[in-house]
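Structure first, commentary second.
All chains are named by letter (A, B, ...) in the order of the sequence lines, taking the proteins before the strands, and each is independently numbered beginning at 1.
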Amino acid sequence: MSVTSPRRSPGSGGAWGRLSIAGKQIVWAWAFLALPVAFFAIVRFYPTLEAFYLSLTDWDLLSEPRLVGFDNYRKLFADPVFWQVFRNTFAYLIFGTPIAIVLSFVIAYYLDRVTFLHGTIRALYFLPYLTTAAAMAWVWRWFYQPPPIGVINGLLGAAGISAQPFLRSVDQALPAIMLTAIWAHLGFQIIIFMAGLRAIPASYYEAARIDGLGEGAILARITIPLLKPTTVFLVVFSSIGFLRIFDQVYNMTSNDPGGPLNSTKPLVLMIYQTAFSSYQMGYAAAQTVVLFAILFSISMAQLWILRNR
Amino acid sequence: MDEGQAAFRSGLAGMVVDGTFRIASYKTIQGFKWGVAELPTQDGRKANFGSYFANAIGASATGEKLAAAEKFLAFISSEKAMNVWLEKVGELPARRAVALTEANIKDPIYGPFIRGLDYASTPPMVDEAAQRQVSIDMINAVLLKDTPIKEALSAAAAREQAILDKFKAR
């Protein structure tokens, strides 16, 4: 090989040879970055921009998209189902996020002090996070069945409480599904909170105790303020999760997706049905643009409210 | 679970309204005996539902592929193939010579299904998922929201008509 290739004399390496070491490093960095950049551009950003265009068209996947202006948006805002879905989506967010954050903080706070079987208990809390959402949803769906099938109703019956309809009720179905979603993500949030708790220097606590501060005051003055970056991260992360909830709802109500009577249907499920069972791609794109606007504004608002002053 | 056929199979539901396509699965039930009856009547009025599916060849198929597809279609709709379908799937096939045999009409399982076909009707189906949803919502409105039956029925009729109109407009 080396016999046939011409030898380079020093200083005659063309454009590459004339680059400084820093310049070469930049070229290499971009060479490695090119793949993820191309991936994101093609798989993420291009479809996102395309969705904005599609939302102005009428398209059924087979024929050419036809521009219809803002018709899809007018139709969406006039649709009572959309407003029901909108309320459902916010119900998941407004109740789900605070419950999940407070619950995971309380568990993390106390788990942090437990030394007996600490690793085992932590693993038990984390286990649901490793499980497929679909499998988990089906197990919970079974829990919620009417007697004699459902476990929860079996326990209620043993305690002398009348059977509850759960997923068969327009009032109980959404909280029942939300609980499953909270439970599924609890482990992850606990682990993050515990990492945050461990990162607070022990000397702060020692100083506070020497100064005679009670446990309550330590929690309010030291622990919670210093956990703010962790809390901000989890609030934003959890909110995005609840705003785009799909797996649990779809799998727990697959006989009547989003039912009964649309009482559990979130925006993402409505988008899915519009796109992949009605094939109204333009209308579905308009719904995704609305979802994007909601996600974007809520995340921005949360970052602004919880920012460092 | 909350699916009728699963509850029936496991002995947790006493009755299930179902089609012949489920027979092969029910025939594997070990724990109890079961039988088939025609749907109940109201004031002597009988009503039943029958639907079917058809095999077709795509309009863009040509040449060798078209010939092969025609050959397969001829096989799949032959008496021989339909007998296998009846035996393995349990579903009554479309060919009268296979479905309406003396043995099937006298059969305690197939008999009631065949008698029901006499007065069965097939409503126009243009969007199965959407039309199914209309019926589910109608029943849920009555059961879960105490909507008067007449009101729920007319709301469902209006939604169903909208789906049909939209299909015809194409």
From B:D127 atom CG to A:S277 atom OG, the distance as rounded to the nearest 0.5 Å: 7.0 Å
Summary of side-chain hydrogen bond (donor to acceptor under 3.5 Å, both in side chains) pairs that have at least one residue in residues 173-190 of chain A, sequence neighbours excluded: none
Give, for atom CG of A:D256 and atom CD of B:Q133, the distance between the pair rounded to the nearest 0.5 Å. 4.5 Å
Does the side chain of B:N140 come within less than 4.5 Å of A:R168's, by heavy atoms? yes
Enclosure of B:F113 CZ (heavy-atom neighbours >12, cutoff 6.0 Å): yes
As an exercise, state the distance from OG of A:S169 to CG of B:L143, rounded to the nearest 0.5 Å. 12.0 Å
Over 12 foreign heavy atoms within 6.0 Å of CD1, B:I149: no
Please determine whether the number of non-hydrogen atoms from other residues, nucleotides or ligands lying under 6.0 Å from atom CZ of A:F188 exceeds 12. yes
Locate the shortest heavy-atom distance separating B:D137 from A:L261; write the atom from each residue and the value. O-CD2, 3.4 Å
Set of residues satisfying ring pair (Phe, Tyr, Trp, His ring centres under 6.0 Å) with respect to A:Y73, sequence neighbours excluded: A:F70
